[in-house]
Enquirer: 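Below you will find the structure I want to go over with you.
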Amino acid sequence: MNLVVVGAAGRMGQALIRVIHQTEGVRLSGAVERSGSPFVGRDAGELAGIGILNVAVSDDPLPVFAAADGVLDFTTPAATVEFAGYAAQARIAHIVGTTGCSSQDDDAIAAAARHATIVKSGNMSLGVNLLGVLVRQAAAALDEAFDIEVVEMHHRHKVDAPSGTALLLGEQAAAGRGFELADNSVRVRDGHTGPRPGGAIGFATLRGGSVVGEHQVILAGEGERVVLSHLAEDRTIFARGAVKAALWAHGRKPGLYSMLDVLGLADK
Ligand SMILES: NC(=O)C1=CN([C@@H]2O[C@H](COP(=O)(O)OP(=O)(O)OC[C@H]3O[C@@H](n4cnc5c(N)ncnc54)[C@H](OP(=O)(O)O)[C@@H]3O)[C@@H](O)[C@H]2O)C=CC1
Ligand SMILES: O=C(O)C1=N[C@H](C(=O)O)C[C@H](O)C1
């Protein structure tokens with residue numbers, strides 16, 4: 001399967017190039033960065049620290065997509081919406097790891113999924129997706145006497161909050177409790193907040209240093225707490241999940257899928 005990495009010079013872009021190079025059944029056929037990037041024209045393998053692959057970074061996505069079977073996209077919401085249109089035009093699989101998308105961005109991605117097979121997830125790792133299933137089960141098993149809080153920490157460069165993973169875990173907790181996350185969540189607290197609203201799912205965000213990604217879901221009751229957590233030690237876990245998603249999506253009918261579909265965890 002021929003894969004394109006967009007945002008090829010980024011933290012995830014480089015991890016993806018390395019994992020594609022090590023994985024049977026896939027090859028890097030193209031690499032894309034934005035116009036004006038100092039990495040345009042450079043060799044993608046060299047950027048990723050694995051030596052020359054003879055794939056030059058391009059700033060012209062359309063011809064690169066036309067020669068590929070799938071695109072791996074960990075960029076920005078605006079870039080992802082643009083790439084979703086191109087992937088749909090080229091009828092290739094689009095694997096989206098980008099977080100921080102607005103509801104309008106998500107609508108545009110869903111529209112593109114009428115023509116392209118899109119897998120989108122706030123976290124592509126096996127561990128976090130399994131954690132999501134466990135969170136849903138715990139939230140369903142413990143009633144509203146247990147308050148649910150999601151705590152996350154990431155490196156100092158991260159630009160969106162709460163993280164895509166925190167929102168994914170919050171959505172699983174809300175599903176376990178039988179409501180929509182948007183209807184009952186507290187994303188920020190500051191000043192005189194008053195007591196905690198009953199049943200809400202709360203979020204807390206920490207940023208600093210080089211932390212790859214850490215998440216805790218705390219179910220806090222009277223006199224006891226259940227704490228479910230995931231620690232990402234290396235970006236390879238996300239890249240491996242994205243390549244797995246591309247292989248799964250190849251030849252599948254157009255639609256918007258999640259990593260739970262890829263991993264067979266959707267009905268667990
Ligand atoms: N779902 C998951 O499992 C994971 C998701 N992520 C998410 O992936 C995204 C990227 O993270 P990370 O790699 O750390 O970020 P980086 O900033 O390191 O990488 C993003 C790359 O995309 C490039 N880019 C931006 N706009 C365009 C464009 N229009 N065309 C081509 N390239 C573009 C950037 O270039 P420039 O710097 O020049 O703007 C940069 O090289 C974030 O949203 C993050 O939250 C991260 C890890 C795992
Ligand atoms: O920006 C990151 O680095 C990460 N982003 C994703 C998120 O927003 O949850 C996934 C992972 O935690 C790393």
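Owing to the predicted nature of the structure, the values given are computational and were not obtained by experimental measurement. Ligands are counted one by one from 1 in listed order, and the atoms in each one are counted from 1 as well.
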Enquirer: May I ask you to check whether R34 has an N/O atom sitting below 3.5 Å from an N/O atom of ligand 1?
Expert: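 Min N/O separation from ligand 1 is below 3.5 Å for R34.
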Enquirer: Tell me if the aromatic rings of H94 and H115 count as close, with their centers under 6.0 Å from one another.
Expert: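 No, they do not, as the ring centres are separated by 6.0 Å or more.
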Enquirer: Any nitrogen or oxygen of K158 lying under 3.5 Å from a nitrogen or oxygen in ligand 1? Just yes or no.
Expert: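 Yes, there is a polar N/O contact under 3.5 Å.
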Enquirer: Record the part of S163 in heavy-atom contact with ligand 1 below 4.0 Å; permitted values are side chain, backbone, both and neither.
Expert: neither
Enquirer: In this structure, does ligand 2 have an atom that sits under 4.0 Å from one of the heavy atoms of L167?
Expert: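 L167 does not count as a contact of ligand 2 under the 4.0 Å cut-off.
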Enquirer: How far is atom 30 (N) of ligand 1 from the closest protein heavy atom, and which atom is that?
Expert: F83 CZ, 3.4 Å
Enquirer: If we ignore hydrogens and angles and just use 3.5 Å, is the side chain of R196 paired with the main-chain N or O of A200 as donor and acceptor?
Expert: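 Yes; at least one donor-acceptor contact below 3.5 Å.
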Enquirer: Return the closest protein heavy atom for atom 45 (O) of ligand 1 as residue, atom name and distance.
Expert: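 Looking only at protein heavy atoms, the one closest to atom 45 (O) of ligand 1 is T99 OG1, 2.5 Å.
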Enquirer: Got an N/O contact under 3.5 Å between V32 and ligand 1?
Expert: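 No.
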Enquirer: Mind listing the closest non-hydrogen atom pair of A112 and A84 along with its distance?
Expert: CB-O, 3.6 Å
Enquirer: Taking only heavy atoms of S163, which atoms of ligand 2 are found under 4.0 Å from at least one of them?
Expert: 7 (C), 8 (O), 9 (O)
Enquirer: Give a yes/no on ligand 2: does H155 have at least one heavy atom closer than 4.0 angstrom to it?
Expert: yes
Enquirer: Would R225 and E149 count as a salt bridge (charged side-chain N to carboxylate O under 4.0 Å, His left out) if you check the C-alpha gap in whole Å, the side-chain angles of each, and the deciding distance to 0.1 Å?
Expert: CA-CA 11 Å; R225 266 172 293 159; E149 295 282 313; over 6 Å; no
Enquirer: Please report which non-hydrogen protein atom sits nearest to atom 10 (C) of ligand 1, along with the residue it belongs to and the distance in Å to one decimal place.
Expert: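 For this ligand atom, the closest protein heavy atom is F74 O, 3.4 Å.
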Enquirer: What I want to check is whether the side chains of H215 and S229 have a donor and an acceptor closer together than 3.5 Å.
Expert: no
Enquirer: So is F238 polar-close to ligand 1, meaning N/O to N/O under 3.5 Å?
Expert: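 In this structure, F238 places no N or O atom under 3.5 Å from an N or O of ligand 1.
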Enquirer: Counting both backbone and side chain atoms, is some N or O of R235 under 3.5 Å from an N or O of ligand 1?
Expert: no
Enquirer: Consider only side-chain N and O atoms of T80 and T75, and report whether a donor and an acceptor are under 3.5 Å apart.
Expert: yes
Enquirer: What I want to check is whether the side chains of S125 and N123 have a donor and an acceptor closer together than 3.5 Å.
Expert: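 The answer is yes; a qualifying pair exists.
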Enquirer: Can you confirm whether R189 is buried at CZ, in the sense that more than 12 heavy atoms of other residues, nucleotides or ligands lie under 6.0 Å from that atom?
Expert: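 Buried by this count: over 12 neighbours within 6.0 Å.
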Enquirer: Give the residue and atom name of whichever protein heavy atom lies nearest to atom 9 (C) of ligand 1, and the separation in Å to one decimal.
Expert: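 The closest one turns out to be T75 O, 3.4 Å.
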Enquirer: What is the nearest protein non-hydrogen atom to atom 29 (N) of ligand 1, stated with its residue, atom name and distance?
Expert: A79 CB, 3.4 Å
Enquirer: Could you tell me if D106 and S103 have a donor-acceptor pair between their side chains, going purely by distance under 3.5 Å?
Expert: no
Enquirer: Examine the proximity of ligand 2 to V212 and report which part, side chain or backbone, both or neither, has a heavy atom under 4.0 Å away.
Expert: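 The answer is the backbone.
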Enquirer: What protein heavy atom is closest to atom 1 (O) of ligand 2, reported as residue, atom name and distance in Å?
Expert: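 Looking at atom 1 (O) of ligand 2, the protein heavy atom closest to it is K158 NZ, 2.9 Å.
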Enquirer: Ligand 1 and G97, any nitrogen or oxygen pair closer than 3.5 angstrom?
Expert: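 G97 vs ligand 1: N/O contact under 3.5 Å present.
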Enquirer: Which residue supplies the protein heavy atom nearest to atom 9 (O) of ligand 2, what is that atom called, and how far is it?
Expert: T165 OG1, 2.5 Å
Enquirer: In the protein, which heavy atom is nearest to atom 13 (O) of ligand 1, and how far is it?
Expert: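 The protein heavy atom lying closest is M12 N, 2.8 Å.
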Enquirer: Taking atom 4 (C) of ligand 2 as the point of reference, which of H215, E152, H154 owns the nearest heavy atom?
Expert: H154
Enquirer: With the threshold set at under 4.0 angstrom, would you say R11 reaches ligand 2 through any of its heavy atoms?
Expert: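 Contact check R11 vs ligand 2: negative.
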Enquirer: Which protein non-hydrogen atom lies closest to atom 41 (O) of ligand 1, naming both residue and atom, and how far is it?
Expert: E33 OE2, 2.6 Å
Enquirer: Examine ligand 2 and decide if any of its atoms is less than 4.0 Å from a heavy atom belonging to G122.
Expert: yes
Enquirer: Give, for atom CG of L256 and atom NZ of K120, the distance between the pair rounded to the nearest 0.5 Å.
Expert: 8.0 Å
Enquirer: D43 versus L53: any side-chain heavy-atom pair under 4.5 Å?
Expert: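 Of all side-chain heavy-atom pairs linking L53 with D43, at least one is under 4.5 Å.
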Enquirer: If you have a sec, work out which protein heavy atom is nearest atom 22 (O) of ligand 1 and how many Å separate them, to one decimal?
Expert: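 Residue, atom and distance for the closest contact: G7 CA, 3.4 Å.
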Enquirer: Going by distance only, is there an N or O of G122 that falls short of 3.5 Å from an N or O of ligand 1?
Expert: yes
Enquirer: Under the side-chain hydrogen bond (donor to acceptor under 3.5 Å, both in side chains) test, which residues partner R27, sequence neighbours left out?
Expert: N2
Enquirer: Can you tell me how far the CG atom of D234 sits from the CZ atom of R240, to the nearest 0.5 Å?
Expert: 8.0 Å
Enquirer: Quick check: G164 and ligand 2, any N/O pair under 3.5 Å apart?
Expert: yes
Enquirer: Distance check, rounded to the nearest 0.5 Å: I92 atom CD1 versus H250 atom NE2?
Expert: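 It is 10.5 Å, given to the nearest 0.5 Å.
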Enquirer: Do any nitrogen or oxygen atoms of S37 lie less than 3.5 angstrom from nitrogen or oxygen atoms of ligand 1?
Expert: no
Enquirer: Using a 3.5 Å distance criterion without hydrogens, assess whether the side chain of D261 forms a donor-acceptor pair with backbone atoms of S258.
Expert: yes
Enquirer: Hey, which atoms in ligand 1 end up nearer than 4.0 Å to a heavy atom of N123?
Expert: 1 (N), 2 (C), 3 (O)
Enquirer: At what distance, to the nearest 0.5 angstrom, does CZ of R187 lie from CD1 of I201?
Expert: 12.0 Å
